[in-house]
J.: 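If you scroll down you'll find the structure; I have some questions about it.
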Amino acid sequence: MERALVERARSGDRDAFDALVRSRVDAVYRTSLAILGDSADAADAAQETFVSAWCHRDALRDPDAFDAWLSRINLNACRAQLRRRGRTRIREIRLLDPLDDREPASPERSLADRTADSDAFDRAFGRLSVDDRAVLVLHHLQNRPVSEIAAALGAPQGTVKSRLHRARAALESALAKESR
Amino acid sequence: MNGQPPPVDQGLRAQLARRSAGPLPEGLAAQVLQAVDAAPVKPRYAWWAFSPRSGRTAPRTLLAGASVAAVLLLAAALVVVPRFQTTPAVSGLAGYPADRALTTAELASLMAGPALPTNTALVAKVTIDPTTDVCPDERYKTLGMVDGMHSQVCVMGTYNAFDAYDSRTTATFAFRYLAPGYLGLLGAIVSPPELGAGSTSKLAFRASQPWPTDQSDKPFLVEGWLGSSSPPEAVGSYGIACTQPLLGVGDPLNPAGGDNTCKTTWLAGDPSTVPSWEIADGKITVAVQGGHEVGAGGARFYDSIRDDSPVNGVYVVRSEASAVSCDLPSCGNWVVMAKVADISLPQATATPPVSLAGYPAGRALTAAELAALMARPALPVDTALVASVTIDANTDVCPMDRYPTIGLVEGMGAEVCVMGAGVSTYLSTPKAAGIFAFRYLGPGVLGLIGEITPASSTNTAFRVADEWPLQGKTFLVDGWLGAEGLMEICALPPTPGEILLPNGEDCPYDDWLGDDATAPGIQADHEYSPPSPLPSYDPLSLRGNARHVEAGGMRIIDSVDHAAPVHGVYVVRSVTEGCPGDSPQSSRGCGAWRVLAEVADVSVPVPVATPLEVATAAPTIAPPATPVVPSLTGVIGTGNQPLSVDELETIMVTQPDHLAGRTVIVEAPIPTQISCQSDASGGGCAVNTKSLAEDGVWAVSIGADGTLSLVGQLDLPQTSYIFTLDQIQATWTASGDRLFLVDAWIGGAAEDSCDVSGQPCYEVSWLGATPDGQQVNVQLGAYHLFGGGSVGGGPSIHGIFLIQTKSGTAEVVARMETAAP
């Protein structure tokens with residue numbers, strides 16, 4: 001059923017494609033939102049994903065791989081969205097007083113402790129590359145199997161595993177910087 | 001890395017769920033469908049057919065001719081265009097504290113010279129242009145480029161971006177030098193004349209003058225003595241009780257400077273200043289005669305300013321609002337951000353002449369040619385180069401962390417860092433000599449594409465019809481790159497230079513590489529029409545005079561158009577990976593040839609014979625010297641038994657280096673020295689039998705002259721000499737200091753907390769009882785140093801390791817090999 005819908009969409013059937021959009025727009029938007037952290041950017045990325053998918057539907061070879069293909073386009077759209085966002089001009093002022101007696105950052109502090117602060121988490125997550133963000137979202141949030149993540153990223157499964165470790169380490173490092 | 005992915009982290013999952021929560025924007029689906037309606041209609045070709053075939057063939061030939069002409073024109077242009085600009089004449093000593101800022105020409109000269117120590121603080125009057133940004137470093141925010149430099153000099157907002165500019169801004173700025181081509185901005189200097197009363201004609205305030213109190217974070221310069229004093233007992237602990245520094249070596253640069261405030265620090269005109277403390281109404285007040293109390297912990301740390309005696313200099317100071325609520329208008333802090341370095345500028349140098357060389361003149365660049373190329377004005381970002389050089393992973397002072405650092409190129413005039421650059425490629429040894437393909441990322445920074453497998457001893461590049469290397473090898477192919485179809489998968493292709501993904505995984509639509517400008521064999525693969533079944537063929541095989549390749553990512557980065565086949569020398573890699581849509585159980589894999597880059601046709605300046613000399617008295621944290629690498633492989637007897645002294649003597653005399661620098665496992669008694677000489681008849685050893693230890697099994701280090709020294713006595717299991725990791729864990733105590741041998745797998749994976757100033761970017765490492773097990777963490781870099789694996793991590797490696805535990809941490813001392821007496 002689903003395969004037939006994808007095949008019809010690929011052959012240019014707008015009704016079929018519309019049905020695919022309606023069934024997936026929520027997931028695509030939420031993935032974009034988790035990666036980009038901004039609802040307007042996420043909506044733009046979602047729109048761009050489906051427009052691109054429609055325009056380049058001929059590039060889909062295997063109808064069964066539609067979701068992986070769409071995920072990949074979505075990640076490219078997120079990447080483009082971040083590029084379009086341009087140089088971020090952030091003025092960060094850190095206030096520090098000699099009487100500040102907070103604890104120094106501890107490497108033993110767990111990731112869970114560090115992730116408890118939503119603002120710090122968002123800032124730390126924002127330091128990661130899109131690929132690192134994507135792999136964390138696909139694995140830790142969406143619990144997708146490595147094979148699916150590999151297909152979505154267009155990377156070998158071994159690479160996905162190492163990226164998962166690397167992305168997590170990068171996040172921990174970024175959180176440590178935020179907690180200093 | 002082998003093994004399982006990490007388990008789902010519930011804390012992380014909750015945060016990501018929060019990020020992606022909330023209602024779907026109203027009408028999003030309708031907007032999407034509307035946008036799809038409005039999308040431009042593109043010519044549609046079925047992916048399996050050229051259409052219209054006749055229309056593609058004819059213009060392709062014409063365009064190929066045009067392309068050849070364009071390449072020839074470009075090559076001709078390269079002969080004359082890239083010339084060195086004359087380095088501006090800089091006479092003698094200058095720089096701060098000569099009462100003035102460096103000029104643009106002086107800063108340019110300084111940045112063109114050999115690398116300065118990381119974190120050197122500079123003051124220069126220059127123009128920052130935020131509209132030109134080709135800086136690939138994203139550890140810090142890019143603020144812009146410095147105008148008038150001979151090569152690209154990027155200005156980064158370091159840990160705190162105090163200033164950001166929307167247009168070209170000329171001012172006197174304070175910087176910290178981060179790396180060749182990179183400056184970290186501390187801020188635009190507020191000079192005394194702008195402040196009205198109390199100003200002087202000098203750029204720096206005197207310590208005794210009134211300082212700016214607007215708490216605007218704007219830095220200014222103060223000339224004076226930086227000292228510190230402990231408060232009297234009646235005051236007690238004032239400031240942060242520093243039992244340990246808040247910053248460690250390698251922590252991110254925080255030029256805000258407020259960290260590490262342990263004592264009462266002051267900046268005054270007199271080195272013998274003693275602050276006075278008063279306690280009234282529960283408040284502590286500090287008065288500094290002829291100066292001010294300041295916070296200077298961060299500056300002390302980064303500029304290595306001792307706190308046991310006052311230090312004279314020019315300091316970058318800023319006023320900062322206090323975090324503590326205060327009803328007084330003057331409530332705030334002065335924070336010392338940096339001590340301005342006393343810089344000697346390089347002498348003027350003549351313009352080096354330019355000659356033509358480089359690929360594709362049939363050979364890789366030499367180290368001297370690459371050095372000359374890296375010393376010239378910046379190349380376009382992503383330019384692909386092939387050079388025969390040595391990369392040393394043991395010396396890493398690269399402050400960039402967008403990509404994992406792989407090492408430094410040896411023999412460059414200034415530091416040239418090699419970064420992973422998104423390609424899963426690592427050195428086979430910590431110090432690797434060979435032919436490498438790079439992408440130029442910025443001044444002083446190259447991205448490694450891979451080590452090139454040459455076609456033969458005489459030809460570096462393969463022809464398409466040659467047998468190409470498999471198993472993940474990277475190699476060069478001299479041929480024509482053509483497109484199989486107009487298929488795009490990218491939502492928006494990245495702009496060249498912006499996002500570097502040279503692995504070609506982006507947009508892997510199909511292309512071919514051929515020995516000629518046409519590829520009838522490839523076309524024949526597609527000569528069918530639906531609904532006939534898809535043809536099947538080996539995607540790695542030679543199809544007439546061409547092969548199917550994936551070159552989408554490379555086309556984007558190198559701006560290679562699909563319109564017509566393009567002749568060039570291409571970096572290609574054989575890849576085997578999971579096929580899209582495979583089930584998790586499938587191990588079939590899909591093979592492909594992936595084009596990673598088109599090698600640039602570069603002109604190379606004549607190498608400069610002697611690098612410029614720069615004298616600097618900057619008391620900064622100097623880059624580490626090339627370490628003397630001890631032998632990482634220890635020696636144990638057959639059957640994993642300790643060596644007797646007789647066996648050790650026998651081995652020593654047969655080894656050319658007599659095991660100098662090695663760690664050996666020996667059963668006591670341990671002699672003091674075994675001096676061996678080898679000759680045609682085998683040689684012999686003189687043994688000083690004075691005993692270092694009478695009992696037990698010991699790890700012993702052997703010196704250059706055969707002197708033995710004890711590393712430590714081994715902790716032994718009950719029935720053998722080698723522990724299993726489970727045995728170690730069962731007897732593990734955090735406080736127990738032990739030395740033991742363990743049979744384990746060593747694993748490693750890249751980590752992110754590297755690449756900060758002076759910190760090598762090594763992988764996190766661990767020991768496991770199995771290839772996938774992660775049971776005991778060991779020191780950074782142990783995986784590649786002792787496992788022999790790649791820098792940055794890779795598959796786990798089995799071995800017997802000598803481990804030392806101290807205060808709950810485990811460190812690999814050596815990986816053991818068996819010596820046959």
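Per chain, numbering begins at 1; letters A, B, ... match sequence-line order.
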J.: In terms of heavy-atom proximity below 4.5 Å to chain B, should A/V21 be classed as side chain, backbone, both, or neither?
T.: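 Only the side chain of A/V21 comes within 4.5 Å of chain B.
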J.: Does the side chain of A/I73 reach to within under 4.5 Å of the side chain of A/F50, using non-hydrogen atoms?
T.: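 Not touching, per the 4.5 Å side-chain cut-off.
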J.: Do A/S118 and B/R19 have a side chain donor and acceptor closer than 3.5 Å?
T.: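 Distance-only check fails for A/S118 and B/R19.
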J.: Give, as side chain, backbone, both or neither, the part of A/D67 having an atom under 4.5 angstrom from any heavy atom of chain B.
T.: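 No part of it gets close to chain B.
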J.: Any side-chain heavy atom of A/V135 within less than 4.5 Å of one from A/R168?
T.: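 In short, these two side chains do not touch, never coming nearer than 4.5 Å.
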J.: With a 3.5 Å distance limit and no angle check, can you tell me whether A/S11 reaches the backbone of A/R8 through a side-chain donor-acceptor pair?
T.: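 Such a contact is found between A/S11 side chain and A/R8 backbone.
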J.: Need one label for A/R30: side chain, backbone, both or neither, based on atoms under 4.5 Å from any heavy atom in chain B.
T.: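 For A/R30, the contact with chain B is made by backbone and side chain together.
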J.: Using heavy-atom distances under 4.5 Å, tell me whether A/F66 contacts chain B through its side chain, its backbone, both, or neither.
T.: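 Neither part, no heavy atoms under 4.5 Å.
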J.: Of all of A/Q142, A/H139, A/R22, which one pairs up most often with chain B through heavy atoms under 4.5 Å apart?
T.: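 Sorted descending by pairs with chain B, the first entry is A/H139.
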J.: Heavy-atom distance under 4.5 Å to chain A: side chain of B/A30, backbone, both or neither?
T.: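 Neither part; nothing is under 4.5 Å.
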J.: For A/V137, which of A/I35, A/I149, A/D132 qualifies under side-chain contact (heavy atoms from CB on, under 4.5 Å)?
T.: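 That would be A/I35.
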J.: May I ask you to name which of A/L136, A/T31, A/D26, A/L141 has the most heavy-atom pairs under 4.5 Å with chain B?
T.: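 If we count pairs closer than 4.5 Å to chain B, A/L141 comes out on top.
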J.: Can a donor-acceptor pair be found between the side chains of B/T265 and B/E293 at a distance below 3.5 Å?
T.: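 The criterion, which ignores hydrogens and geometry beyond distance, is not satisfied for B/E293 and B/T265.
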